[in-house]
Structure formats: structure tokens, C-alpha cells
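Everything below concerns the one structure shown next.
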Number of protein chains: 2
Amino acid sequence: MVQKRRRGAELEQAIYQAALQLLKTKGFLNFNFADVADLANTSKSVIYRRWQTPFSLAIAAIQDKITTENHGRTDDFTLTGHSLREDLLQLLQRFIISMQTFKDFRITELLGEATKEENTTIQQLMSEGNAIDLNALDHILTRAKKRGEIIKTDLPEEIALLPFDWLRFQLFTNQPLTERKLELLVDDVLLPIYQSKSRSD
Amino acid sequence: MVQKRRRGAELEQAIYQAALQLLKTKGFLNFNFADVADLANTSKSVIYRRWQTPFSLAIAAIQDKITTENHGRTDDFTLTGHSLREDLLQLLQRFIISMQTFKDFRITELLGEATKEENTTIQQLMSEGNAIDLNALDHILTRAKKRGEIIKTDLPEEIALLPFDWLRFQLFTNQPLTERKLELLVDDVLLPIYQSKSRSD
DNA sequence: TGAATAAGAAACTATTAGTATCTTAAAACG
DNA sequence: CGTTTTAAGATACTAATAGTTTCTTATTCA
């Protein structure tokens with residue numbers, strides 16, 4: 001019946017789209033090659049030729065989505081806040097949006113199923129933006145210091161990552177990320193940390 | 001061949017033990033009734049009669065383990081620290097130990113596979129100790145206030161839970177929980193938060 | 001235009017989750 | 001103490017599906 005045959009990149013994109021849609025609607029639990037093939041209007045064997053496991057296809061599809069969209073993160077992020085507080089809220093808002101992709105495709109289900117080494121893959125995928133976020137945070141703190149708002153700037157990486165980790169945890173455990181929570185994080189946690197005296201002082 | 005037949009609670013315990021061992025060694029991924037039956041020296045049908053899904057068996061087994069062991073948490077936890085810092089480190093050390101059970105049985109795999117409502121079950125399981133921990137933290141902060149060490153005591157629940165959430169996140173993402181991290185958490189995060197001025201001041 | 005490549009269809013195999021049936025040990029009961 | 005009831009345990013069966021293989025043919029490329 002079908003005359004036209006897609007191949008190469010075109011076909012691959014169709015498979016990725018189908019995979020992403022299925023991840024969104026049915027989750028990684030019940031994610032299988034047969035369904036992807038059906039939805040992409042291709043054949044199981046085509047999928048099997050390219051990917052070893054549903055897991056690797058899922059990762060590839062998400063990876064592709066992220067790299068093409070850069071999921072909202074850029075280094076040349078312009079800060080418009082007039083205070084440390086405003087800058088932080090802005091950064092974290094942006095972070096939440098960028099995490100939405102992971103939430104949409106139910107990354108937690110993947111994380112759970114992943115073996116140790118596959119887990120590392122997801123870890124990398126998620127923390128790929130870390131460098132950018134850490135950089136942005138550093139930039140924000142430097143600005144604040146110039147304004148005379150804060151004392152601390154050079155934070156240990158673990159501590160600098162804490163707000164991002166905490167937000168990811170909320171996401172993983174399906175807890176809602178409300179505006180209130182974000183403000184509590186900034187006002188009751190981050191500002192006190194950044195404005196506290198250094199131990200060495 | 002087999003003459004003796006176990007039943008009731010005795011049999012159930014054998015099944016739980018087998019289930020826990022399998023969760024530990026092979027994870028919830030590849031956790032199935034057949035293996036449990038084999039290891040417990042019983043029959044598949046016995047398992048099917050009692051539990052609907054491998055998921056519910058896994059939860060029941062972990063639940064059982066925790067309730068019988070109380071996983072190291074008690075309300076009458078005696079604080080021996082001579083400073084807020086010491087008290088906090090002590091509390092968090094204890095928390096990490098109590099989380100070990102979840103790590104051992106690869107709770108993340110369960111979390112990922114869980115449906116929304118099943119997820120709630122796990123959430124409850126994990127946060128069952130929250131009340132105890134929050135209480136302990138409150139106690140610690142009150143002691144510190146009496147000593148004149150801090151300013152803040154009545155924290156919003158979300159903020160009070162932050163250290164526990166952060167530690168859980170490290171666990172979920174298989175990041176090592178080193179002594180260094182714990183000290184960073186206390187020195188660079190918690191103490192500044194607890195010792196910072198209230199917004200209303 | 002002919003050869004090489006890869007898509008797509010379909011059939012086949014093996015595994016396994018879940019169910020059903022039957023026998024009999026263990027407990028309950030009179 | 002003998003009879004009835006309950007539930008354990010063994011085994012066989014069914015249905016679904018993951019993964020493989022084979023074959024045909026559209027598409028590309030020389």
C-alpha cells in the first residue's frame with residue numbers, strides 16, 4: 001500500500017517524534033519498540049536496527065530534543081533584576097522551565113529503570129546545564145557584591161548547586177513547584193547563605 | 001518431596017525475606033513473583049493469592065522491614081551535642097543511616113515505576129519519619145536559642161525539610177554522601193539559615 | 001540502467017506473566 | 001479422634017510480547 005519510503009535522518013526524526021510522544025502520554029513504563037514503530041508508521045525491524053533497547057532510544061530522543069532546542073538555556077542570559085533577590089528568582093524560574101522537558105518525558109521512570117552506567121548517562125544529561133547555571137549564579141553573586149548586597153561569592157560547588165538540586169528533588173517526587181516555594185527558597189535559604197559571614201572571617 | 005508446609009505469618013515472613021533479598025541483589029527491575037517463589041521455596045500461586053503485583057509485594061516487604069526495625073528512628077532521641085553544629089551533625093548522621101534501608105532496596109527503581117497513586121504510597125513511606133525529624137530539628141533549634149546561638153526557630157515546613165530533601169536527592173542520584181558534604185550542608189547552609197535575621201525583624 | 005542499500009511487512013520463536021486445576025498437609029471443629 | 005475446611009504447593013495451560021529472521025521492494029548511487 002505504502003509507496004513512499006522515508007530513510008536516514010528524515011526517518012530518524014519521525015521515530016524520535018513518535019518516541020517522545022509515547023513517553024509523554026504513556027511513560028517509559030509501557031514504552032516499547034512496537035508502539036513506536038506503529039506511531040511512526042514504520043516497522044519494528046527498522047527500530048531494532050538502530051537501537052539496542054527502548055532505554056537507549058528514549059535517551060536518544062530526549063537528547064535530540066534538548067540539543068535542538070537547547071532547552072531554554074543560554075550563556076548570554078541577560079540579567080534584568082535590580083537586586084540579588086530579583087536576579088535569583090529570575091534564574092530559578094528559567095531553571096524550572098528548562099527542567100520541564102524532563103518532567104514532560106517522565107525522566108524519573110527512566111532514572112529508576114536505569115542501570116548504574118545508564119544512570120550516569122541521565123545524570124550527565126540533566127547536569128549538562130550545570131556549568132551554565134553555576135556560571136549564571138556566579139555572575140549574579142558578583143553583581144550583588146558590587147552592589148554591596150552580599151559578602152560571600154566563592155561557594156563550594158556542592159553548595160552552589162543546592163538550589164538546583166532541591167528544585168530537581170521537588171520535580172522527582174512530583175511535588176508542586178509553586179511561586180511560594182520559590183520565594184521561600186530565595187528568602188529563607190539562599191539570601192541568608194549568600195549574605196552570611198564567611199567562616200574564615 | 002517436601003513434607004512440612006509453612007503457612008500464615010511464618011510463610012509470609014519467608015516471602016518477605018526472599019523479596020527483600022531479591023530487591024537488594026537484582027533490583028525492582030527484574031523483580032518478579034516467580035523468582036520470589038523460588039527463593040522462598042514456595043509456589044507462584046501462593047504469592048499471587050496474597051499480592052496483586054510485584055510492586056505491592058515489594059512495598060509490603062519494605063514496609064514490614066521498616067516497621068519491625070523502626071529503621072533507627074525514635075522520638076526519644078537524646079541530644080548529646082554541646083553546640084547547634086554538633087546537634088545538627090548528629091541528627092543528620094542518624095537520618096542518613098535511616099535512609100540506608102531505602103537505598104539498599106533500590107527505592108528509586110520503585111519510585112520510577114510507580115503510578116501516581118502508588119507513588120504517593122512510597123512518598124508516605126519515606127516521609128513517615130518526617131514528623132519525627134522535624135520534631136527533633138525543632139528541639140535542636142530551641143536548645144540553640146536557649147544557648148543564645150541563634151535567632152530563628154519557627155521555620156516554614158518546606159524550609160525545615162530542606163536538609164532532609166537534599167540528602168534524599170543525593171541518595172536518589174547515587175551521589176556519595178561524604179562527611180565533607182554533611183559539614184558543608186551544616187556550616188554553609190543550615191547555620192547561616194538558622195542564624196540569619198528574620199524577615200520580619 | 002544495474003547494483004547496493006536499507007525500509008517495510010510478515011512470520012516465527014522463546015520467554016514469561018498470569019490463571020486454573022488438582023492434590024494433600026495442616027488446622028479447625030464436632 | 002475422625003471429619004471437614006482451609007490453604008499450600010505442584011503442574012499445566014493461555015495469552016501476550018519481546019526479539020529475531022526472512023523476504024520483498026523502494027530508493028539511492030555508481
Side-chain angles (χ1 to χ4, degrees), chain A residues 1-23 25-61 64 106 109-110 112-115 117-118, chain B residues 1-23 25-61 64 106 109-110 112-115 117-118:
Chain A
M1 199 67 231
V2 179
Q3 300 287 69
K4 193 93 196 284
R5 280 188 190 177
R6 295 157 301 179
R7 33 169 76 200
E10 188 195 356
L11 180 60
E12 215 152 272
Q13 274 306 314
I15 293 171
Y16 282 155
Q17 291 318 309
L20 291 176
Q21 192 180 321
L22 286 169
L23 282 175
T25 54
K26 309 178 96 185
F28 182 65
L29 182 74
N30 359 45
F31 181 74
N32 59 64
F33 283 163
D35 286 353
V36 175
D38 275 2
L39 188 61
N41 273 312
T42 182
S43 177
K44 252 200 327 179
S45 40
V46 173
I47 318 261
Y48 275 105
R49 275 181 206 122
R50 288 177 155 77
W51 296 278
Q52 296 286 322
T53 58
F55 181 88
S56 59
L57 168 57
I59 290 294
D64 177 79
R106 314 216 205 159
E109 295 182 18
L110 279 148
E113 287 247 351
T115 65
E117 82 182 290
E118 287 170 334
Chain B
M1 200 65 231
V2 180
Q3 300 288 68
K4 194 91 196 286
R5 280 188 190 178
R6 295 157 303 179
R7 35 168 73 201
E10 188 194 355
L11 180 61
E12 216 153 271
Q13 275 304 313
I15 294 171
Y16 282 155
Q17 292 317 309
L20 291 175
Q21 192 181 319
L22 286 169
L23 283 174
T25 54
K26 309 178 96 186
F28 182 67
L29 182 74
N30 0 39
F31 180 75
N32 60 64
F33 283 163
D35 287 353
V36 175
D38 275 2
L39 188 61
N41 273 312
T42 182
S43 178
K44 250 200 330 178
S45 38
V46 172
I47 318 263
Y48 274 106
R49 274 180 207 123
R50 282 163 211 262
W51 295 278
Q52 296 285 323
T53 59
F55 180 88
S56 59
L57 169 57
I59 290 293
D64 178 78
R106 314 218 204 157
E109 295 182 18
L110 278 149
E113 286 246 352
T115 64
E117 82 184 290
E118 288 169 334

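A note on names: the letters A, B, ... follow the listed sequences, proteins ahead of strands, and every chain is numbered from 1. Every value quoted in this text rests on a predicted model; they were computed, and no experiment measured them.
The heavy-atom pair separating A:F31 from A:A58 by the smallest distance is CE2-CB, 4.1 Å.
Of the possible polar contacts, one joining the A:R106 side chain to the A:T25 backbone as a donor-acceptor pair under 3.5 Å is found.
Screening B:V46, B:D38, B:L39 against B:T42 for a side-chain contact (heavy atoms from CB on, under 4.5 Å) leaves a single residue, B:V46.
Taking 3.5 Å as the limit, the base of C:dA7 and the side chain of A:S45 contain no donor-acceptor pair of atoms between them. Interface remark: the B:K44 side chain does not form any donor-acceptor pair with the D:dG9 base, using a distance-only criterion of under 3.5 Å. With hydrogens and angles ignored, a donor-acceptor pair under 3.5 angstrom links the side chain of A:R5 to the base of D:dT25.
Straight-line distance from the CG atom of B:D38 to the P atom of D:dT11: 12 Å, rounded to whole Å. Between B:L11 atom CG and C:dA27 atom P the separation is 12 Å, expressed in whole Å. Atom CZ of B:F31 is separated from atom P of C:dT16 by 16 Å (rounded to the nearest Å). Here C:dA7 presents its C1' atom at 12 Å from CD of A:E10, a figure rounded to the nearest Å. One atom, CG of B:N30, and another, C1' of D:dA18, lie 15 Å apart when rounded to the nearest Å. As rounded to whole Å, 13 Å separates atom C1' of C:dA9 from atom CG of A:N41. D:dA8 atom C1' lies 11 Å from atom CD1 of B:I47, rounded to whole Å. For the pair A:Y48 OH and C:dA10 C1', the interatomic distance rounds to 15 Å; values are reported in whole Å.
Contacts of A:T42 with the nucleic acid, taken as non-hydrogen atoms under 4.0 Å apart, involve only primed sugar atoms and P, OP1 or OP2.
Projected onto DNA chain C by closest heavy-atom contact, B:A34 and A:R6 fall at different nucleotides, the more 5' of which corresponds to A:R6. Comparing A:Q52 and B:G8 against DNA chain D, the residue whose closest nucleotide sits nearer the 5' end is B:G8.
Taking the six-membered ring where the residue is Trp, A:Y16 and A:W51 present tilted rings, their angle falling between 30° and 60°.
Between A:N41 atom CG and A:K4 atom NZ the span is 13.5 Å, to the nearest 0.5 Å.
Considering only the side chain of A:P54, D:dG19 comes nearest among D:dG19, C:dT5, D:dA18. When each of D:dT22, D:dT28, D:dG9 is scored by its nearest atom to the side-chain atoms of A:R49, the top-ranked nucleotide is D:dT22. Closest to the side chain of A:N32, out of D:dT11, C:dG8, D:dA18, is D:dA18.
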